[in-house]
Amino acid sequence: MRGYRVLDLSVFAQGGVAGGLLRELGADVIKVERPSGDPGRRLSVLPGGVSSFFEPMNRGKRSIALDLARDEGREVVLRLAEQTDVFLQNARPGVMERLGLGYEALRERNPAIIYAHGTGYGLDGPEAGAAVVDIVGQARAGLASVTGDAAPTPAGAILSDHLGAVYLAVGVLGALVHRERTGEGQMVECSMLGAMIAAQQWEFSHYLFTDESPRRSGRGRQLFFSLWGIFEMQDGFLALAGVPEPAWAAFAALIGATDLIDDPRFVDQMGRREHSDELAEEVARRLRALPMSDVLQEALVLGVRCTAVQDYRALAADPQVAANAYVRHVDHPTLGPTRVTGNPIRYGTTPLDVPVAAPGLGADTDATLAEAGYAPEERARLRADGIVG
């Protein structure tokens, strides 16, 4: 995406991640922030003032601080939009229109612009204007209802924002391809609710096709049976993706459960599916008494798809992660030598760079205004009047 410019007026995660993806694909992303900054800058602040929330999704962007409550601040955005390929925002529906920064207003200045809007519940419907954050998205989209044991449980990472961001970024790329072929700009919208539903297309489709309400997944998955799940061991947890029919007897012997091989309930795959809960309890009891080293590698040799459950410490030291540069060592301007997440996308011809740091608030205000045609004396006046920071 080198040569493309994105004007990013988003806050928090959904828009921030979408803009970050486009930046790491090569776009020049200008983050427009209120004079007090994106509120995400104030989450998870580390010594030195770096936010572990804000930093990874905004690294490599440029920052301009603008007061959008004032006419001249909004005019700066409109002038920048004239030189912009993609306008990105995730305000609630109607907010940008009231500011005079909706799609129609920007299209008047730049008919070819791609206007990307990340929403919580979509543009239509009685709750289109609702404020949505991750746990709300997980709950509304049904994911929490099928996660956990006795009670609905959210995932341990923010998913609604990130999935909404990825789908929105894909939509932007598709709109840019369309524009390359036709010259037409357009609006692109994706909601957290819609993205979460799309991410559950198998599970939700099963309900839609059968009208069967799924049970909560517990340690496994509601549509998988017979040893699909996470099992406690003596020194950790084993994620087990079932046991293939040819490997069943050898696996049972491996975990010291030869008595299960000829058990009438488990003698074949059909029986093991029919009595999957009982089988899982029997296997769980055996695995709790065994160390990971006694099982994992031998199970892999048998063709069983499995792995140890890793915490973040183990993940950061994983040689497979290192081999693919999913974590990179960088020299951060504030943190010094540190590690950052890498971009998982790999191209054969156009290598991706990994930006080191997010911009300081307003660090690129003067340069960005100059690119938009503001003379030095105009820039000085805007700063003195508090329009820019």
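Remember, it's a predicted structure, so these values are computed and weren't measured experimentally.
What you find for Gln234 and Ala289 is that their closest heavy atoms are NE2-O, 2.8 Å. Contact between Arg179 and Tyr4 at its shortest, heavy atoms only, is NH2-CE2, 3.7 Å. Nearest heavy atoms, Asp235 versus Met292: OD1-N, 2.8 Å. Minimum heavy-atom separation, Gly73 to Leu66: O-CD1, 3.8 Å. Pairing each heavy atom of Leu106 with each of Leu101, the nearest pair is CD1-O, 3.5 Å. In terms of heavy-atom proximity, Ala316 sits nearest to Arg339 at CB-NH1, 3.6 Å.
Hydrophobic clustering places Leu43 together with Met57 (ILVMFWY residues linked when any side-chain heavy atoms are closer than 4.5 Å, directly or through intermediates). Under the 4.5 Å side-chain heavy-atom criterion for Ile, Leu, Val, Met, Phe, Trp and Tyr, Met1 and Tyr347 are members of the same hydrophobic cluster. Follow the hydrophobic side-chain contacts under 4.5 Å out from Leu296 and you reach Val304 in the same cluster. Under a hydrophobic-cluster definition in which Ile, Leu, Val, Met, Phe, Trp and Tyr are linked whenever side-chain heavy atoms come within less than 4.5 Å, directly or via other members, Val132 and Phe12 are assigned to different clusters. Under the 4.5 Å side-chain contact rule for hydrophobic residues, Leu369 and Leu78 share a cluster.
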Report task. Begin from the C-alpha positions of Gln14 and Thr119 and carry the test side-chain contact (heavy atoms from CB on, under 4.5 Å) through to its verdict. Result -> CA-CA 8 Å; Gln14 183 189 19; Thr119 66; 5.6 Å; no

Query raised in the report: What do the steps show when you test Val32 against Val76 for side-chain contact (heavy atoms from CB on, under 4.5 Å), and what is the final call?
Result: CA-CA 10 Å; Val32 179; Val76 171; over 6 Å; no

Query raised in the report: Between Ile114 and Asp85, does a side-chain contact (heavy atoms from CB on, under 4.5 Å) hold up when you go through it step by step?
Result: CA-CA 6 Å; Ile114 306 301; Asp85 297 288; 5.9 Å; no

Requested in this report: Start with the C-alpha gap between Phe53 and Asp38, add the side-chain angles, then the distance that decides, and say whether side-chain contact (heavy atoms from CB on, under 4.5 Å) holds.
Outcome: CA-CA 11 Å; Phe53 174 88; Asp38 183 330; 5.8 Å; no

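The closest donor-acceptor contact from the side chain of Lys61 to the backbone of Asp8 lies at 3.5 Å or more, if one exists at all. Looking only at distances, a side-chain donor or acceptor of Glu55 sits under 3.5 Å from a matching main-chain atom of Ala358. A donor-acceptor pair under 3.5 Å links the side-chain atoms of Glu378 to the main chain of Ala375, judged by distance alone. Not a single donor-acceptor pair under 3.5 Å links the side chain of Arg62 to the backbone N or O of Ala363. Listed for the His117 side chain is no donor-acceptor partner under 3.5 Å among the backbone atoms of Arg92. Arg70 places a side-chain N or O within donor-acceptor distance of the main-chain N or O of Asp385, the cut-off being under 3.5 Å. One N or O on the side chain of Asn58 and one on the backbone of Phe54 form a donor-acceptor pair closer than 3.5 Å. The closest donor-acceptor contact from the side chain of Ser160 to the backbone of Asp134 lies under 3.5 Å. Checking side-chain atoms of Asn324 against main-chain N and O of Gln320 turns up a donor-acceptor pair under 3.5 Å. Checked by atom type and distance alone, the side chain of Asn110 pairs as donor or acceptor with a backbone atom of Ala81 at under 3.5 Å.
For Tyr374, the OH atom counts as densely surrounded, since its 6.0 Å shell holds more than 12 non-hydrogen atoms of other residues, nucleotides or ligands. More than 12 heavy atoms of other residues, nucleotides or ligands shown are found within 6.0 angstrom of CG on Asp331. Annotation: Leu315, atom CG; neighbour count of heavy atoms from other residues, nucleotides and ligands within 6.0 Å is above 12.
Under the 4.0 Å criterion applied to side-chain N and carboxylate O atoms, Asp263 and Arg265 are assigned as salt-bridge partners. Taking 4.0 Å as the cut-off between side-chain N and carboxylate O, Arg79 and Glu82 do not count as a salt-bridged pair. In this structure, Arg74 pairs ionically with Asp71, as a charged nitrogen and a carboxylate oxygen lie closer than 4.0 Å. Between Glu281 and Arg286, none of the side-chain N atoms (NZ, or NE/NH1/NH2) sits under 4.0 Å from a carboxylate O, so this pair counts as no salt bridge. Ion pairing of Glu104 with Arg107 is present here, as a side-chain N (NZ or NE/NH1/NH2) and a carboxylate O approach within less than 4.0 Å. Taking a cutoff of 4.0 Å between a charged side-chain nitrogen and a carboxylate oxygen, Arg381 and Glu377 do not qualify as a salt bridge.
Among residues two or more places apart in sequence or in another chain, the side-chain hydrogen bond (donor to acceptor under 3.5 Å, both in side chains) test is passed with Asp268 by none.
Applying the ring pair (Phe, Tyr, Trp, His ring centres under 6.0 Å) test to pairs two or more places apart or on separate chains, those with a residue in residues 85-106 are Phe87-Tyr115, Tyr103-Tyr115.
Counting heavy atoms from C-beta on, the side chains of Val86 and Ile113 never come closer than 4.5 Å. Between Leu352 and Glu24, the closest side-chain pair of non-hydrogen atoms is not below 4.5 Å. The shortest side-chain heavy-atom distance between Tyr167 and Val172 does not fall under the 4.5 Å cut-off. Taking the side chain as every heavy atom from C-beta outward, Ser191 and Glu189 approach each other to under 4.5 Å. The shortest distance between side-chain heavy atoms of Val29 and Arg5 does not fall below 4.5 Å. Under the 4.5 Å side-chain criterion, counting only non-hydrogen atoms from C-beta, Ile64 is not in contact with Lys31. Between Leu99 and Met96, some side-chain heavy-atom pair lies under the 4.5 Å cut-off. No side-chain heavy atom of Val146 sits less than 4.5 Å from a side-chain heavy atom of Phe204.
Rounded to the nearest 0.5 angstrom, Asp161 CG and Ile158 CD1 are separated by 5.0 Å. Rounding to the nearest 0.5 Å places CG of Leu21 at 9.5 Å from CG of Leu168. Atom CD of Glu75 sits about 10.5 Å away from atom CG of Leu382, to the nearest 0.5 Å. Considering CG of Leu88 and CG of Asn90, their distance stands at 7.0 Å, rounded to 0.5 Å. The structure places OG1 of Thr368 at 4.5 Å from CD1 of Ile30, a figure rounded to the nearest 0.5 Å. Here Leu123 contributes atom CG and Cys190 contributes atom SG; the two are 10.5 Å apart, rounded to the nearest 0.5 Å.
In this structure, a donor-acceptor pair under 3.5 Å is present between the side chains of Glu33 and Ser63.
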Side chains of residues 238-257: which donor-acceptor partners sit under 3.5 Å, not counting sequence neighbours?
residue: Glu245; atom: OE1; partner: Gln269; partner atom: N; Å: 3.2
residue: Glu245; atom: OE1; partner: Arg272; partner atom: NH2; Å: 2.7

